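Quick notes on the structure that follows.
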Amino acid sequence: MVYISPVDTVLMVFRIFVFLRKSMTNTFPKKERLKSKKLIEALFSEGQSVSAYPLRLVYLETTLKTDVHAQTGVSVSKKHFKRAVDRNRIKRLMREAYRLKKGAFFNNITTQYALMILYIGKKMPTYTEVESKMNQLLAKFLNDIK
RNA sequence: UCGGCAAUUCGCCUUGUCGCUCUUCUGCAAAUUACAUUUUGCAUGAGGGAGGAAAGUCCGAACACCGCAGUGCGCCAUAGUGGUUAAUAGCCACCGAUCGUAAGAUUAGGAAAAGUGCAACAGAAAGAAUGUACAGAUCAUGCUGUAGUGAAAUCAGGUAAACUCUAUGGGGUGCAAUGCCAUGUAUACCAACGCUAAAGAGUUGCACGCUCGAUGUUGGAGGGUAGGCAGCUAAAGUGUAUUGGUAACACUACACUCAGAUAAAUGACAAGGACCUCUUUGAGGUACAGAAUUCGGCUUACAGAUUUGCCUGUUAA
């Protein structure tokens, strides 16, 4: 007969809650971002790409140092958007869409990837546009790597 | 009240859900150690988190390194007088000039008897030129004077945002500077020996001058790679008040701590409100724009508000 104190029970419930929350989380912390210069260079020279205009995803299967599904970066051309405010806005929209959508797509992936999402359009998008295109893009990506 | 001039302050707000980054309290885990401790990771909580221009990178500095800047020429910058400042080409005051009825605005404001160049219209001619008419002088004339054009016409004047001259000042490169750590291996690094005294390299654009100086041997040490840490935010700091000064500004006192990211945080969405516009039970709009070593200026962009002082005229009193 194992005795379980009420305090332990509370602690266990709390831990289970935390675990569940973690698995379905929508966060996008530093370790999930693509930061290494070398990896980015390799990504652009060797990676493959899929696109759902005005978004384009460059990906490369690789081994990362941390235990995340993918490291992802976003980028906007300086050519099409000259002002830093506009580029910031688009990058934030893309990051937000990726953050909310990635959980649904990446939970069953076994290998690790380096990803770079580019905005190749020339007009300022709205959030709903970016969101729907992100869905298409990630679906295409999953389809490609199967 | 309308119009104008100069300046001041601000430049959307609230709530909810989901996130990012930095700091910090606590808890848990791991590593390390004999222990204390320290470091790292994760989680909850608390707190901070773009601008007046953060922009252009046009000046001036701080800071850092390279170097020792020596001479001559060249090049660049500045240009009334006085003040202010860490410093400036900024700022303030005054004088002059130009514009405006005025409040005010602008100011590239040294020198034309050192030289070169340039000059609309008018005029014969604007400096290698001497016309025409009249008068005078003379042996004679292209000599002298007057008329006429023009701002200026023969011992002239304008122009230096034309060259030029004068006075003063000016090493170079920029935080991707630079230092340390980790990984870790070859040519360019350093020293000594040796060789040559030429080529060549560096030193500000050139010349002189100066320094290094191929290859090789030995020893030391590190190059490259934006990996990490430091530099990196408590400072020529911000606010208020007194005093001095016409002012820029300075002194003193009190209070405050206010982003530090690095493929680069400061957000996304929804609802409500505020203000503005219109075609008014609605619709649309809320500028310019995003920190990157840090300050002081300048310049440029800007929807809409806000307050203060002043000026002229009109109307009313």
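Owing to the predicted nature of the structure, the values given are computational and were not obtained by experimental measurement. The chains referred to below are lettered A, B, ... by the order of the sequence lines, with proteins before strands, and numbering in each begins at 1. All heavy atoms count here, side chains included; hydrogens, waters and symmetry mates do not.
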Specify the separation, in whole Å, of atom [atom1] of [X] and atom [atom2] of [N].
X        : N      : atom1 : atom2 : result
A:Lys82  : B:G290 : NZ    : C1'   : 18 Å
A:Ile90  : B:A264 : CD1   : P     : 15 Å
A:Leu93  : B:C269 : CG    : P     : 6 Å
A:Leu100 : B:C20  : CG    : C1'   : 13 Å
A:Leu57  : B:A263 : CG    : C1'   : 16 Å
A:Asn88  : B:A54  : CG    : C1'   : 12 Å
A:Met134 : B:C269 : CE    : P     : 14 Å
A:Met94  : B:A265 : CE    : C1'   : 16 Å

Main-chain N/O of A:Ser51 paired with A:Lys140 side-chain donor or acceptor, under 3.5 Å: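 Checked: pair present.
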
Scan A:Arg89 against the nucleic acid and name what it touches under 4.0 Å (heavy atoms): base, sugar-phosphate only, or nothing.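 Answer is sugar-phosphate: A:Arg89 comes under 4.0 Å of backbone atoms only.
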
According to a strict under-4.0 Å criterion, is [X] in side-chain N/O contact with OP1 or OP2 of [N]?
X       : N      : result
A:Arg95 : B:A265 : yes
A:Arg99 : B:G19  : no
A:Arg92 : B:U266 : yes

So which nucleotide does B:G260 pair with, by the Watson-Crick or G-U wobble rule with both distances under 3.5 Å?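 Here B:G260 is not engaged in any pair, so there is no nucleotide opposite it.
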
Say you pick atom [atom1] in [N] and the same atom in [M]; how far apart are they, in whole Å?
N      : M      : atom1 : answer
B:G239 : B:G297 : P     : 11 Å
B:G145 : B:U166 : P     : 40 Å
B:G90  : B:C298 : P     : 10 Å
B:C58  : B:U286 : C1'   : 33 Å

So, applying side-chain contact (heavy atoms from CB on, under 4.5 Å) with A:Val50, which one of A:Leu137, A:Val58, A:Leu55 is it?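 Among the candidates, only A:Leu137 passes.
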
With respect to A:Tyr119, which candidate in A:Ser77, A:Ser75, A:Pro125 satisfies the side-chain contact (heavy atoms from CB on, under 4.5 Å) definition?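 The option that passes is A:Pro125.
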
Decide yes or no for A:Arg83 and A:Asp86: does some side-chain heavy atom of the first lie under 4.5 Å from some side-chain heavy atom of the second?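 Yes, at least one pair of side-chain atoms sits under 4.5 Å.
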
Measuring from the side chain of A:Arg83 (C-beta onward, heavy atoms only), which nucleotide among B:A268, B:C18, B:A289 has the closest atom?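 Nearest listed nucleotide: B:A289.
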
When you check the side-chain N and O atoms of A:Ser49 and A:Tyr59, is any donor under 3.5 Å from an acceptor?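 A:Tyr59 and A:Ser49 do not have a side-chain donor-acceptor pair below 3.5 Å.
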
